[in-house]
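Report on the following structure.
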Amino acid sequence: MEFKKLSKKALSLAIAVAVAATTIVVPATSQKAEAAKKYSAYLCFASKGYNGVLVNHNESDRSKGVMNGNKKTSLKGVKVKNATFKKGKFTFTVSVTGKNLKKFKADKGWNSLYVDTSLPGSSKAKLKVTKAVVKFDGKTVKTIKNPALTPDPGKTQDYTQIMCLNTWNKYANAKWSASSVTKMPKKSISVTITGKLK
């Protein structure tokens, strides 16, 4: 009788251990894979003269570099620096540099300036951005706390964007009105993003 009781207890224990092992090991593997997944981030902008990065904002390919307005020609001597981020806390910087950015001076302002990412819009709720720091020529122009993210509330299409300036987006304008910014760079634009991805 004692032996039977012991056997049943041992069997129950063995089953419990086996279940626990499968419950722990499988999700841990998928969690590691998810945590290791990287998303791209890149600077998008358009001056009032439409000088800026000329590709579909839902594409991470920046091989064309910075374009010269509606002429659709590359602005030579300007380099683009992208970044990546993944699950957890992060800080990254995206930028463009080059002496020919001074050609933007005549435009006297901006239509948009934001960081586009490859994070699907349907996953926007997983992203919390606490700060965006915009610098022109190495000097801070604006620090935006909890910047607006797109897709706009209630929408999930396309990819997640972190807004600094956007004359066509009321949520971005509430944080930093595009019409109020006339400062233009001479040699560099950078945006540093701080946040967390669940």
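Count residues from 1 along the sequence.
T150 pairs by the side-chain hydrogen bond (donor to acceptor under 3.5 Å, both in side chains) definition with Q161, not counting sequence neighbours. Scored by the side-chain contact (heavy atoms from CB on, under 4.5 Å) test, T84 finds K38 as partners (sequence neighbours excluded).
Using a distance-only test at 3.5 Å, with no hydrogens or angles considered, no donor-acceptor pair links the side chain of T140 to the main chain of K142. A distance-only check finds no donor-acceptor pair linking the side chain of K99 to the backbone of K186 [under 3.5 Å].
Tracing side-chain contacts under 4.5 Å through hydrophobic residues (I, L, V, M, F, W, Y), one reaches V78 starting from F136; they form part of the same cluster. Clustering ILVMFWY residues whenever any of their side-chain heavy atoms sit less than 4.5 angstrom apart, transitively, puts V133 in a cluster other than the one holding L113. V141 and L43 fall within a single hydrophobic cluster, where Ile, Leu, Val, Met, Phe, Trp and Tyr side chains are chained together by heavy-atom contacts under 4.5 Å.
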Only pairs under 3.5 Å count here: list side-chain donor-acceptor contacts from residues 169-177, not counting sequence neighbours, and write none if there are none.
unit_1: N169; atom_1: OD1; unit_2: Y171; atom_2: N; d: 3.0
unit_1: N169; atom_1: OD1; unit_2: A172; atom_2: N; d: 2.9
unit_1: N169; atom_1: ND2; unit_2: D152; atom_2: OD1; d: 3.0
unit_1: N173; atom_1: OD1; unit_2: A178; atom_2: N; d: 3.0
unit_1: N173; atom_1: ND2; unit_2: N166; atom_2: O; d: 3.1
unit_1: N173; atom_1: ND2; unit_2: T167; atom_2: O; d: 3.3
unit_1: N173; atom_1: ND2; unit_2: N169; atom_2: O; d: 3.4
unit_1: K175; atom_1: NZ; unit_2: K145; atom_2: O; d: 3.3
unit_1: K175; atom_1: NZ; unit_2: N146; atom_2: O; d: 3.0
unit_1: S177; atom_1: OG; unit_2: S179; atom_2: OG; d: 3.0

Donor-acceptor pairs are to be reported for all side-chain atoms of residues 187-197 against protein atoms at under 3.5 Å, with residues two or more places apart or in another chain.
unit_1: S188; atom_1: OG; unit_2: D137; atom_2: N; d: 3.2
unit_1: T192; atom_1: OG1; unit_2: T93; atom_2: OG1; d: 2.8

Report, one line per pair, each donor and acceptor closer than 3.5 Å where one atom sits in a side chain of residues 103-110; sequence neighbours left out.
unit_1: D107; atom_1: OD2; unit_2: S47; atom_2: OG; d: 2.6
unit_1: D107; atom_1: OD2; unit_2: N51; atom_2: ND2; d: 2.7
unit_1: W110; atom_1: NE1; unit_2: K183; atom_2: O; d: 3.1

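For the atom pair OG (S118) and OH (Y159), the distance works out to 7.5 Å, reported to the nearest 0.5 Å. The CE atom of M184 sits 14.5 Å away from atom NZ of K102, with the distance rounded to the nearest 0.5 Å. Note that CZ of F92 and OH of Y39 are 13.0 Å apart. Values are rounded to the nearest 0.5 Å.
Under the 4.5 Å side-chain criterion, counting only non-hydrogen atoms from C-beta, L165 is not in contact with M163. Inter-residue side-chain proximity for L127 and F90 is flagged as met; some heavy-atom pair is nearer than 4.5 Å. With a 4.5 Å cut-off on side-chain heavy atoms, T91 and F85 do not count as touching.
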### Message
Between S40 and N82, does the side chain to side chain contact (heavy atoms under 4.5 Å, CB included) criterion hold? Intermediate values first, please.
### Response
CA-CA 7 Å; S40 59; N82 299 338; over 6 Å; no
### Message
For S122 and T156: C-alpha separation, side-chain torsions, deciding distance, then whether side-chain hydrogen bond (donor to acceptor under 3.5 Å, both in side chains) applies.
### Response
CA-CA 5 Å; S122 56; T156 60; over 6 Å; no
### Query
Going through the checks in order, is the side chain to side chain contact (heavy atoms under 4.5 Å, CB included) test met by T143 and K131?
CA-CA 7 Å; T143 297; K131 185 169 62 174; 3.7 Å; yes
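The nearest pair of heavy atoms linking K198 to K87 is C-CE, 3.5 Å.
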